[in-house]
Every structure is written in structure tokens, then in C-alpha cells.
Amino acid sequence: MAGVTTIIEAIPDATISPVKSFVKFLLRDPSSICAGYQAKQLHAQLLKYYSIASSSSSILAIYCRLRLTDDSFRVFSSIPSPSRSSWTSLIRCAATAGLFPVVISLFHRMRAAGAPPNPTILPTVLKSCTILKNSKLGESLHACTIFFGLDSDLYTCNALLNMYCKLADCQNAYNLFDEMPRRDFTGGNTIRNDALDQTLVGSFSRHFPVDNMMKLFNSMAERDVTSWNTIIAWYMENGRHEVALAMVRKMTNIGLRPDSFTLSTVLPNFAEFADVSKGKEIHGFAVRNRLDRDLFMGSSLIDMYANSTLVNYSYHVFDRLPNPDAISWNSVIGASVQNGQFNHGLRLFRQMLLSGVKPGPVTFSCLMPACAHLATLHLGKQLHGYVIRQCFGSNVFVLSALVDMYAKCGNICTARRIFNAMPSIDMVALTAMIMGYALHGPVQEALSLFRRMERENWRPNYVAFVAVLTACSHAGLVDEARTFFDSMRVDYGITPCLEHYTAVADVLGRAGKLEEAYEFISKMHIEPTASVWCTLLGACRVHKNEELAEKAAKKIFQLEPENMGSLVIMSNIYSAAGKWNETAEMRRLIRDKGLKKQPACSWIEIKNKVHGFIAHDTTHPSHGRIVEAWEALMEQMKNEGYEPNTDEVLHDIEEEQKIVNLCGHSERLAIVFGIISTPPGTTIRVTKNIRVCVDCHTASKFISKIVGREIILRDFNRFHHFRDGECSCGDFW
DNA sequence: ATAGGGTTAG
């Protein structure tokens, strides 16, 4: 308040009494003091005109209210025998500053000074004790409340209840109920060992039996919404979602209306099970009760809708939040990225920065996958720089996301460097790294990391097996793939899912074991999808097995009548076998259905700008220079022994025209553009939306040798590092 | 005064 300063400054040396009386007035109602400098001026006046003892407790209360922690402690230490309210103020002040051990030691000092515990301070002390996981002290505090007859105080009881919930022994919790605890959604049927260990280790005293919490809740004379919310949160935390929901109904039945705490606690249940109709009910209830602008509700709702793939609802909720905080932004960024709207996620991040909300580590772990999927290395690097400057560089979530981002953006060495420097290794980082190697080619590195995972007792989950099986499949390691697949079921009890089956079918097919692959797919315990049969169909083309190809194609037609890819492949198979009638039939089908192939496109970043190329695109400003450079390259390539391979050109045209068509492939345009737009020796990084074609693969090998450059091509399936005439995939893809 | 929301591998 401006008034405070002006009046005190206006009468510095005036008669003492007006100042004195004003100071008295301020002390009677200090609510007008709302800035630190005003409090300090008042403090100075007090020191000048009054004895220290009489006034310091008043000034302490003001300092505490303004959260001036240091000043509060200084004033407090000047009080010879602090009053009950001084102790209370200072302890609260320490709690708001997050100095929980200080809260405890102050409480001990207060008791030693002879002050009895009181219900205004016990909840705060109990909260600190809960955060510090000090169950020993917690127990004695409980005894203390009973001894002093404070066990009928609702706030104290709620705080005690919360302590027994947070420090409850989860192992016993599981025994208390008949059914097994939480379902494991990672595909196995065991509790994740890392999650369990964290609840048991790390606290310096024992956990409470779950009984304590139940007894206290049942014996409480009075229970308010907070009491119910506390216990509901415990059930949610321990995977007993149905019980939590039953409790919500129960509290409603006895006339307690769920509030935003209740709803934001139970919403993650509907997010996890993508139960959007129940989630919408809660949303409706929130709107009717004007709880929908609560930030906690908001982020739960955003997440729930995102998990149900209704990301537009997430945006709707977010747009209605009055002052979104960092968590609200994280939720909406995560929502868009998890739903594949990567560019929008990046846009939201920029808006977050513009709105002045500081991103935290969670923001980056939500956002980094967007860069990974878009393969925008320069953006990923910018975010990495931000992470380092903000000192988030030791957060395992952020680091794992970075490992994944660098691997997916083609920088496998940087990924490994970050991985090696991680303060503690994380299951996700290990898996991301294994997948990285699987995508780039060094299969032995992938296998050795998987062995390390097992050796260090990280129980591999279904994702880890997807990674290691992908590595085997990309390298053609048939026996290893079979072994891992069996081990997954036998040693780890993980039921295989589509991705595992696809990887194994793929490696069998590409190794030419077509019959075995067919058997394998036929015996799947889940219905194979068209994509699994497509894997086999592709293999049948390479290994020229017409009969099996027809079987596979038939399955694909049944499952996905609109699948054009299989028609194209069949047409190629028939024409390669000289079966012109069948070829014509396939082409007629393609024509009738209207061939809508996804247009092939490739892109390359030059000087922070993305240049995209669609096949046969002549619109790029540098198109003339690209063609010129390509013709020069072609001459040299021919001298080195390059022969165009037109097998993958579908169009019914003359051979010469086919060769011209090849030259217009998008990856080739992007590579040549990269070469003429960067200094000699620069690595060329190109991304393509579908698989690289055989001829472009061969051509890229020649080009890498002729121009002496490394060319890193990321296609739909994996990375190809072309260097000195060789490719990291070993021509196996 | 006590209770609540968002993270990375697929």
C-alpha cells in the first residue's frame, strides 16, 4: 500500500506520537501491508519507538505472511520466549518455504520450550513428517494428539489419515485384499520391479500397516470431503480404481458433494481405460458445478480426452482454462504429441513460451518425441540446448527422450553419448537405445544392451522385446529372433502381441523361410492383421513364391479390401512370372478401385529450412540445377558400373521411360539437392515417408562413393547410412 | 491448517 510509505516518510522527525499511533494502527490491522519493503519500514519504526519484546511477534506474523523466510527467522531468534502464535507463524513459514526438516526441528524446540502441541500447528507438522516419510515421528505425533485430547480435531485427523495413507505398506495392502494388486499394462503379469522397489526402499523407517489407515478412517468422529478425498486418492494410487469410484458414490450418498479434488483424483482411471463416456459424465458434472475451470481438473480432463484419442476435446478444455500453468501446458502439449499432431505440439510449446509460463523437465519429455517423429534434428538440438541451460539435463525422463530423439533423427552416436553419461540408467532409455541400434544397423550393440538389461535385472517388458526382435529382423538374425521370441513367453511370461509376431514373421520371410513364416502367422493366437500378411507378401515377391503370395494376398483382400499395396505387389509378381492375364486382372482391379497411393515424399533440412520433394516434382526453385547435377552424377555412376533397376516401377511403360521415372524419385531429388547446397564433405540427412526403393538404394551407394559424403537416409522402416559405396543395412531391408 | 493434475521406449 502506497499510503504506508508516504505517511511514514512524510513525518520523519515530527512529534513522536503521530508516528507511534500510526504504527499502533498498522499493528492492529496489518493486512494493508503487502510488500516486503513496507514491512521492513514498519519494523524499523518499531525498533525505534518500542521495546523489542512487545512488538516482534507482530512483525514476525507479517514477515511470515509475506513469506520472507530469512527475515522471519531473524526476528524469531530475537524473541526470548516466543509465544504460541510466534511458533505457529514460523513453523508455517518454514512449511510454505518447503523446509520440512526445519518444521520438525522447530516443533521439537517448541515442545522442549514447554509449549503443548496445538491443533493449529499439528496438521502442518504432520504434513512435513509425511513428506519426509518419517513414520517413527508420525507415530509419536499420533500418540501426542491422543494424549493431549486433540484426536477429535478434524484437520489433525485428516492430516494423520493422509500420513497413514502415504506411508502405508503397499505389500501388506496387497495381502489385505484377496485379488492381486495392480494389473500390469506393460504386457506381462508381474509388478514392475522398479516401481515396487521404489516404494519399499528409500525411506528410513518402516511402513505402516494398511490397518492403521482403515481404523483411523472408520473411527473418525467426523469425516469431511477432505477425509474422503484422502482415502480415495490412496485407493487410486494403489490401483484399486473400482473401490475408489465406489467411495465417491458412497460419499455422494451421505450428502457430501465431490469437489475438484475428488474428480481430478479419479479421472486418471477413465484416462487409463480410455473410458470416455464416464469421463464425459465427470466433465459434465464439473461444468454443472463450475469446477471445470480448476487447473487440476483441466489437466486431468485434457489427459483423459487425449488418451481416448479425442484430442480436439483436450484443446477445448485447455482453451477454457483461465490461467493455464506449466502443468496445463504440459498436458495439452502431451495430448497433441501423443495423438501424432507433432507440429501442433511444437506450436503449443512456442505459445507457452510467449505466454510467459516457464517450461519444466516434463515439458521437454512431452515435446521431444515430436522432434523424434518429425526427424527434425535442428529443432531437437535447440530443445536440447534449452534443457542444458535450464539444468534439466539430469532428469532421466528428459535424458531418455533425448536418447530417443537423437537416435530417431539419425544421430546414433550422440544418442549413445547421452546414454552413457546418464546418472542412472532407466528401462526406457535402454529400450530406446536398443531400438536406435535396431533402426541404424549395429545389431551386436543392440543385443549386448539387451543382455545388459537382463544382467542388471531390468526385467524386459513387451516394448523391450519389440526392440530386440526388430533388431534381429533388420539384421536377418533368424535363430536369435526365435530364441528371443520363446524366451519372452517362457522366461518372462509375456504374451506376444502384433509387433512381436510381425518382427518374427518378417525375419523368417526375408530369410526365405516362407513356409515357416506362413505356418507361424497361421498359428498366431491373435487374429493376424493385413500388415502381418503384407510382410509375408513382400517376402514372397523377393523370393519369387507365387503360390504363397496368392494365399497371403487373399487374406489381405479379406481383411482390407481397400489395401492397394497388395494389389500392386501381386501385379508385379504376376508380371515378373510372365502371367499377363493375371497381371491385367490386377491392374483392372487397381483401376476400378481407383489407385490412391500415398504420394512418396522426401525432405531435407538445409540451413534450418525444410525442403520437401514429391516424386517427379519440378516445382522446386533449384530444380534445373538438381537435374543438371544428377546428369553429371549419372555419367560417373555409369562408369563405376551402375545399372538402373526398374523392378519397382509399376507403370506400364517403356524401359527407357522407366529409367527417367526413377530419376524423379523423391529421395534422389532431395539427396542431389543436399549435395549441391552444402559444402563438400557435409553429411546429407534425408527423410522419406515410405520405404526406399531398391534402385535409389543402389544409386545412393554409388553417390556416397563418388562425392565422398555420408548420406543418412531415414525411410519408413529404418535408417540407411551410405558411406564409401556401402550401406549400414548390409542391403538387407 | 489437511486432500488433487502433467513426463520418456512402442
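The structure displayed is predicted, hence computed values, not measured ones. Chain identifiers are assigned alphabetically (A, B, ...) following the order of the sequence lines, protein sequences preceding nucleic acid strands; residue numbering begins at 1 within each chain.
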Can you figure out which of [options] approaches the side chain of [X] most closely?
| X | options | result |
| --- | --- | --- |
| A:Ser264 | B:dA3, B:dT2, B:dG4 | B:dG4 |
| A:Asn461 | B:dA1, B:dA9, B:dG5 | B:dA9 |
| A:Phe296 | B:dG5, B:dA3, B:dT2 | B:dG5 |
| A:Pro123 | B:dG10, B:dT2, B:dT7 | B:dT2 |
| A:Ala233 | B:dT7, B:dG10, B:dG4 | B:dG4 |
| A:Ala401 | B:dG5, B:dA9, B:dT8 | B:dT8 |
| A:Tyr462 | B:dA3, B:dG10, B:dT7 | B:dG10 |
| A:Ser300 | B:dG5, B:dA9, B:dT2 | B:dG5 |
| A:Asp259 | B:dG10, B:dA3, B:dT8 | B:dA3 |
| A:Pro268 | B:dA1, B:dG5, B:dT2 | B:dG5 |

Classify A:Thr156 by what it touches in the nucleic acid, base, sugar-phosphate, or nothing, heavy-atom distance under 4.0 Å. nothing
So what does A:Leu161 hit on the nucleic acid, given a heavy-atom distance under 4.0 Å: a base, only sugar-phosphate, or nothing? nothing
Here's a test for you: under side chain to side chain contact (heavy atoms under 4.5 Å, CB included), which of A:Val317, A:Val311, A:Leu310 qualifies with A:Tyr313? A:Leu310
If you measure from the ring centre of A:Phe397 to the centre of the six-membered ring in the base of B:dT7, is it under 5.5 Å, with the planes under 30° apart?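 Yes; centroid distance and tilt both under limits.
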Which parts of residues 412-419 of chain A get close to DNA chain B, meaning a heavy atom less than 4.0 angstrom away? none
Can you check whether A:Trp329 and A:Phe349 have ring centres sitting under 6.0 Å from each other? no
Only pairs at least two apart or in different chains count here, so list each salt bridge (Lys or Arg N to Asp or Glu O under 4.0 Å) that has a residue in [range].
| range | result |
| --- | --- |
| residues 89-98 of chain A | none |
| residues 213-225 of chain A | none |
| residues 390-417 of chain A | A:Asp404-A:Lys408, A:Arg416-A:Glu445 |

What's the OH-P distance between A:Tyr155 and B:dT2, to the nearest Å? 9 Å
What about [X]: does its side chain form a donor-acceptor pair under 3.5 Å with the base of [N]?
| X | N | value |
| --- | --- | --- |
| A:Thr265 | B:dG4 | no |
| A:Thr431 | B:dA9 | yes |
| A:Asn158 | B:dA1 | no |
| A:Ser260 | B:dG4 | yes |
| A:Ser400 | B:dT8 | yes |
| A:Asp303 | B:dG5 | no |

Side-chain donor/acceptor pairs under 3.5 Å, residues 362-369 of chain A, sequence neighbours excluded:
residue	atom	partner	partner atom	Å
A:Thr363	OG1	A:Asn330	OD1	2.6
A:Thr363	OG1	A:Gly360	N	2.9
A:Thr363	OG1	A:Gly360	O	3.2
A:Ser365	OG	A:Pro361	O	3.3
A:Ser365	OG	A:Val362	O	3.1

Contacts of type ring pair (Phe, Tyr, Trp, His ring centres under 6.0 Å), residue A:His316, not counting sequence neighbours: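 Checked A:His316 against ring pair (Phe, Tyr, Trp, His ring centres under 6.0 Å); zero matches.
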